[in-house]
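Report on one structure; see the data block that follows.
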Amino acid sequence: FFGGRSPLAPFTIAVLISAWYGGMWPGLIATLASILIARLVFISSIFSFMPVPSGIALLLSFGVLGAAISIVTQKLRTANAELMKAKRSIEAANQQLHDDLCERRRIEEELRERTEALGRSNEDLQRFASVVSHDLKEPVRMVTSYSELLRRRNLAKLDSESVFLL
């Protein structure tokens with residue numbers, strides 16, 4: 001490339017560094033400054049240290065390259081900023097989902113515990129109802145038994161209304 005000589009290589013590096021760390025406008029400014037310096041120092045000048053054939057075409061190519069480097073670097077910066085914003089948004093959503101999942105698990109565990117406690121309580125109430133039912137039926141059986149015994153023993157002595165009531 002250029003016969004083994006690349007007088008604009010240091011300028012290209014300067015443009016890359018300016019665009020990378022400063023952004024598009026510093027990269028473009030570095031490109032313009034490099035073109036001016038290269039024009040004065042390298043291209044057909046009395047101050048020229050290395051004459052380069054077709055210097056204007058070289059400077060134009062360098063200008064296009066520098067502008068492209070600056071624009072691409074700016075696009076990369078913008079894309080990187082958008083990616084970082086999206087990453088933070090996704091991380092926040094992920095954290096919210098994690099928190100929601102933990103809350104749901106806690107609620108499900110609490111619901112399971114309450115369901116088990118309610119089942120135990122229902123079993124206790126069923127046993128209690130059975131005992132109470134038995135305890136309430138026993139006196140009624142006794143009253144029925146004694147009423148029947150009283151009716152059989154005194155059937156002749158009772159009037160029809162008393163027999164009906166017994």
Side-chain angles (χ1 to χ4, degrees), residues 1-140:
F1 190 53
F2 298 118
R5 298 182 339 179
S6 19
L8 298 177
F11 296 111
T12 306
I13 293 170
V15 170
L16 279 169
I17 292 171
S18 298
W20 183 259
Y21 288 107
M24 183 173 73
W25 293 111
L28 290 175
I29 291 170
T31 300
L32 290 176
S34 296
I35 288 173
L36 291 175
I37 293 170
R39 174 73 176 103
L40 288 173
V41 175
F42 295 111
I43 311 289
S44 303
S45 169
I46 56 169
F47 303 111
S48 177
F49 299 116
M50 291 185 257
V52 177
S54 65
I56 300 300
L58 179 64
L59 288 179
L60 287 175
S61 299
F62 177 77
V64 170
L65 176 67
I69 289 171
S70 298
I71 291 170
V72 167
T73 305
Q74 183 63 33
K75 296 282 184 188
L76 286 173
R77 284 173 165 267
T78 303
N80 189 36
E82 289 173 2
L83 284 174
M84 293 306 289
K85 183 179 177 183
K87 178 185 174 192
R88 285 189 298 273
S89 175
I90 289 171
E91 286 173 345
N94 189 27
Q95 184 62 42
Q96 182 64 40
L97 285 173
H98 179 265
D99 294 345
D100 290 349
L101 181 61
C102 288
E103 178 68 13
R104 181 178 177 172
R105 285 181 181 162
R106 184 191 64 75
I107 289 170
E108 286 175 351
E109 178 64 24
E110 185 178 325
L111 180 63
R112 187 187 58 75
E113 290 172 0
R114 286 185 178 187
T115 302
E116 289 175 1
L118 185 61
R120 287 190 301 272
S121 176
N122 283 344
E123 290 173 5
D124 292 344
L125 284 173
Q126 194 70 20
R127 283 192 295 268
F128 176 74
S130 176
V131 169
V132 167
S133 173
H134 180 268
D135 289 349
L136 289 176
K137 286 179 183 176
E138 186 60 31
V140 170

Considering all heavy atoms of both residues, which atom of [X] and which atom of [Y] are nearest to each other, and what is their separation?
X	Y	result
V15	S34	CG2-OG, 4.1 Å
T31	S70	OG1-OG, 4.3 Å
A30	A14	CB-O, 4.3 Å
Q74	M24	OE1-N, 3.1 Å

Within this structure, what is the [atom1]-[atom2] distance for the pair [X] and [Y], rounded to the nearest 0.5 Å?
X	Y	atom1	atom2	result
I107	R112	CD1	CZ	14.5 Å
L97	R104	CG	CZ	12.0 Å
E103	D99	CD	CG	9.0 Å
L118	L111	CG	CG	10.0 Å
W20	I69	CH2	CD1	12.5 Å
L65	L16	CG	CG	7.5 Å

- Message: Can you list everything that forms a side-chain contact (heavy atoms from CB on, under 4.5 Å) with R114? Sequence neighbours excluded, please.
- Response: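 Only E110 meet the side-chain contact (heavy atoms from CB on, under 4.5 Å) criterion with R114.
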- Return the set of residues passing side-chain contact (heavy atoms from CB on, under 4.5 Å) with Q96 (not counting sequence neighbours), or none when no residue passes. D100
- State whether K85 and E82 are salt-bridged, where the test is any N-O pair (Lys NZ or Arg NE/NH1/NH2 against Asp/Glu carboxylate O) under 4.0 Å. no
- Query: Would you call R105 and E109 a salt bridge, using N to O less than 4.0 angstrom?
  - Reply: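 Result for this pair is no, no salt bridge flagged.
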Review item, side-chain donor-acceptor pairs of residues 123-140, under 3.5 Å, at least two apart:
residue : atom : partner : partner atom : Å
D124    : OD1  : R127    : NH2          : 2.3
E138    : OE1  : R141    : NH1          : 3.0

